[in-house]
Amino acid sequence: MTEPTPERLPSPFATGLACRCPRCGEGPLFSGFLKPVSRCESCGEDLSFAAATEGPAVFIILIVGFVIVGAAATVEGLFHPPPFVHLLLWLPSTIILSLLLLRPLKATMVALQYHNRAGEGRLDG
C-alpha cells in the first residue's frame with residue numbers, strides 16, 4: 001500500500017474524536033473500551049504503536065479538574081449546600097466525565113502520534 005501524503009490524511013482531531021483509524025478515518029481504532037487494534041480493518045495499517053499511549057490522563061485531569069472545581073465553587077457560592085451534597089454531586093460527576101473523555105482523548109493522542117510520526121526514545125541524526 002502506498003503511504004498517503006500528509007495533505008491527504010484525515011484530520012487527527014476528527015479521527016480521534018470519532019475513534020477511527022488515523023490513516024484512513026474509517027476502521028475502528030479500539031477493539032474494547034481502551035484496547036487498540038493491532039491493524040486497521042479497513043486499510044490494514046499497523047497500529048501496534050498505539051498500545052503504549054497513556055498520555056491522555058494528564059489532559060483528562062486538567063479538563064475534569066477545571067470543570068468540576070468550577071462547578072463546585074459555583075454551587076457553593078450560590079447555594080451553600082452541606083458537604084455531603086458536594087460529595088453526592090461531584091464524585092459521580094468526576095468519574096463519569098473522566099470515563100467519557102478517556103476514549104476520544106486517547107484516540108486523538110494516537111492520531112496525533114501517527115500524523116507527527118512520533119516514536120519512542122529515538123534520536124534523529
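Computation of the quantities below employed the complete heavy-atom set of this structure, encompassing side-chain atoms and omitting hydrogens, waters and symmetry-equivalent molecules. All figures in this text were calculated on a predicted structure; none of them were measured in a lab.
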Enter the distance from Leu29:CG to Leu34:CG here, rounded to the nearest 0.5 Å.
->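 Answer rounded to 0.5 Å: 10.5 Å.
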Could you tell me whether the side chain of Leu47 reaches within less than 4.5 Å of the side chain of Pro22, counting heavy atoms only?
->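 SC-SC contact between Pro22 and Leu47 confirmed.
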Ser93 and Ile68: which non-hydrogen atoms are nearest, and at how many Å?
->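 The answer is CB-CD1, 3.7 Å.
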Give the minimum heavy-atom separation between Pro10 and His115, together with the two atoms involved.
->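 The answer is O-CE1, 2.8 Å.
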Could you tell me the separation between the CG atom of Leu99 and the CG atom of Leu101, rounded to the nearest 0.5 Å?
->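 Rounded to the nearest 0.5 Å, the CG-CG separation comes out at 9.5 Å.
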Straight-line distance of Lys35 NZ to Lys106 NZ, nearest 0.5 Å =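 If I round to the nearest 0.5 Å, the distance is 9.5 Å.
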For residues 72-89, which side-chain N or O atoms pair as donor and acceptor with protein atoms under 3.5 Å away, sequence neighbours left out?
unit_1, atom_1, unit_2, atom_2, d
Thr74, OG1, Gly70, O, 2.8
Glu76, OE1, His86, NE2, 2.6
His80, ND1, Glu76, O, 3.0
His86, ND1, Trp90, NE1, 3.0

Cluster question for you: counting only ILVMFWY and a side-chain heavy-atom cut-off of under 4.5 Å, with indirect links fine, are Ile63 and Met109 together?
->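 Yes: a chain of side-chain contacts under 4.5 Å links Ile63 to Met109.
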CA sep, side-chain torsions, deciding dist, call: Cys21, Cys43, side-chain contact (heavy atoms from CB on, under 4.5 Å) | CA-CA 9 Å; Cys21 170; Cys43 67; 3.8 Å; yes
Looking at Val64 and Ser98, what are the two nearest heavy atoms and their distance?
->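 Reported closest heavy-atom pair: CG2-OG, 3.8 Å.
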Using a 4.5 Å cut-off on heavy atoms from C-beta on, say whether the side chain of Leu102 contacts that of Phe33.
->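 Touching, per the 4.5 Å side-chain cut-off.
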CD1 of Ile61 to OG1 of Thr94: how many Å apart, nearest 0.5 Å?
->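 OG1 of Thr94 is found 11.5 Å from CD1 of Ile61.
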Between Cys19 and Arg103, is any pair of side-chain heavy atoms under 4.5 Å apart?
->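 Yes, at least one pair of side-chain atoms sits under 4.5 Å.
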Is there side-chain contact between Tyr114 and Thr15, with heavy atoms separated by less than 4.5 Å?
->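 SC-SC contact between Tyr114 and Thr15 ruled out.
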Grab the two heavy atoms, one from Pro28 and one from Val37, that are nearest each other, plus how far apart they are.
->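 Smallest heavy-atom distance, with atoms named: O-CG2, 3.6 Å.
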Does some side-chain heavy atom of Cys24 sit less than 4.5 Å from a side-chain heavy atom of Cys40?
->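 Of all side-chain heavy-atom pairs linking Cys24 with Cys40, at least one is under 4.5 Å.
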